[in-house]
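These numbers come from the heavy atoms of this one structure, side chains and all, not from hydrogens, waters or symmetry mates. We're numbering straight along the sequence, starting at 1. Since this is a predicted model, take the numbers as computed values, not measurements.
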Amino acid sequence: MSSNIFITGTSKGLGSGFAEYYLEKGDRVFGLSRSAAPQLDAQENYTHSLSDVSDFDQIKENIQSLLSGVDHLQVVILNAGILGEIKGITEASISEMKEVMDINLWANKIILDTLYEMSIEVNQVVVISSGASINGNKGWSGYSISKAAVNMLVKLYAAEYPSTHYTALAPGLIDTGMQDYLCEVVDHDKFPSMQRLKEARGTDVMPKPKEAAKRIGDIIPALLMTPNGSYEDVRKL
């Protein structure tokens with residue numbers, strides 16, 4: 001039997017990979033992203049909403065429209081997010097970090113609250129976190145803070161809505177467009193953690209998005225065996 005899957009950030013990268021993974025399984029996928037996804041739009045079981053997740057009023061209205069008539073979602077993957085600029089914490093302005101927090105954290109709260117307001121039954125929620133949420137490496141500033149907050153957001157929702165299984169999941173290294181910036185633009189002498197990324201690129205340690213999505217998709221059912229609300233890293237599962 002096919003499932004209903006809701007995914008944010010489906011226009012590219014890991015989110016697009018997740019959408020392709022579930023579509024290939026025969027599931028019905030509801031995607032939300034700020035740009036179109038031509039590689040997905042032609043597929044019969046894919047329904048898309050063009051939405052900027054930083055616009056809270058817009059995403060609430062668009063989700064209500066996108067999921068109108070849907071009463072059950074087997075899996076929700078909250079994947080949309082931004083990196084922000086790699087810079088020292090004292091150099092990162094509050095306004096810059098607020099933009100990252102709005103997209104990486106608060107947009108997810110708006111989305112989840114909207115699903116509950118619509119009385120949609122949700123079996124499992126996977127929110128994409130990051131190893132940066134616990135590593136605290138130099139330069140990751142607003143991104144690390146936002147992902148650490150995501151971990152706690154997930155824990156709180158799991159405590160208040162125990163009928164839905166929640167996981168904050170670090171997906172490991174993935175060769176997305178973000179790596180172009182991290183590996184080629186950021187000063188590796190100033191921010192040494194970037195060198196590890198450059199060395200991993202092009203190896204099995206850093207798969208392309210579609211491959212990474214399949215690896216993660218295959219283990220998402222097993223996340224139901226982990227504590228509800230926990231932070232998990234695919235590299236340790």
Anything under 3.5 Å between a donor and an acceptor, one on a side chain of residues 35-45, the other on a protein residue two or more places apart or in another chain? List them.
from : atom 1 : to  : atom 2 : distance (Å)
S35  : OG     : S11 : OG     : 3.1
Q39  : NE2    : S11 : O      : 3.4
Q39  : NE2    : S16 : OG     : 2.7

Practice problem: Show your working on side-chain hydrogen bond (donor to acceptor under 3.5 Å, both in side chains) between S133 and N151 and close with a plain yes or no. | Solution: CA-CA 8 Å; S133 69; N151 296 349; 3.0 Å; yes
Quiz item: So, the side chain of N104 versus the backbone of I82: is there a donor-acceptor pair under 3.5 Å, distance only?
Solution: yes
Quiz prompt | D204, CG atom: more than 12 neighbouring heavy atoms under 6.0 Å | solution = no
Quiz item: Can E20 and K214 be counted as an ion pair, charged N to O under 4.0 angstrom?
Solution: no
Quiz prompt | Residues that, via side-chain heavy atoms closer than 4.5 angstrom, fall in one hydrophobic cluster with M152 | solution = L156
Quiz item: Using 4.0 Å as the upper bound for N to carboxylate O, is an ion pair formed by D52 and R34?
Solution: no
Quiz item: Any luck finding a side-chain donor-acceptor pair between H188 and Q195 under 3.5 Å?
Solution: yes
Quiz item: In terms of side-chain geometry, is the basic nitrogen of E91 or K190 positioned less than 4.0 Å from the acidic oxygen of its partner?
Solution: yes
Quiz prompt | Residue pair L32 / F6, side-chain heavy-atom distance below 4.5 Å | solution = yes
Quiz item: Out of I63, T8, I111, N62, which residue meets the side-chain contact (heavy atoms from CB on, under 4.5 Å) rule with S51?
Solution: N62
Quiz prompt | T176 side chain to Q179 side chain, donor-acceptor N/O pair below 3.5 angstrom | solution = no
Self-check item: Side-chain (S230) to main-chain (E232) donor-acceptor, under 3.5 angstrom
Solution: no
Quiz item: How about I5 and V76: do any of their side-chain heavy atoms sit closer than 4.5 Å?
Solution: no
Quiz item: Do the side-chain N and O atoms of Y157 and D113 include a donor-acceptor pair separated by under 3.5 angstrom?
Solution: yes
Exercise. May I ask you to list the residues sharing a hydrophobic cluster with L50, side-chain cutoff 4.5 Å, ordered by chain and number?
Key: none
Quiz item: Counting only N and O atoms by type, is there a donor-acceptor contact under 3.5 Å from the side chain of Q124 to the main-chain atoms of L73?
Solution: no
Practice problem: Please collect all ring pair (Phe, Tyr, Trp, His ring centres under 6.0 Å) contacts where either partner lies in residues 47-68, sequence neighbours excluded, each pair once. | Solution: Y46-H48
Quiz item: Do R215 and E211 meet the salt-bridge criterion of a basic N to acidic O distance under 4.0 Å?
Solution: yes
Can you give me every donor-acceptor pair (side chain of residues 114-122, partner residue at least two apart or in another chain, under 3.5 Å) with its distance?
from : atom 1 : to   : atom 2 : distance (Å)
T114 : OG1    : I110 : O      : 2.7
Y116 : OH     : Y166 : OH     : 2.8
E117 : OE1    : K60  : NZ     : 3.1

Quiz item: Does the side chain of T167 come within less than 4.5 Å of T226's, by heavy atoms?
Solution: yes
Quiz prompt | Residues in ring pair (Phe, Tyr, Trp, His ring centres under 6.0 Å) contact with Y143, at least two apart in sequence or another chain | solution = W140
Self-check item: Side chain N4, main chain H72, donor-acceptor under 3.5 Å
Solution: yes
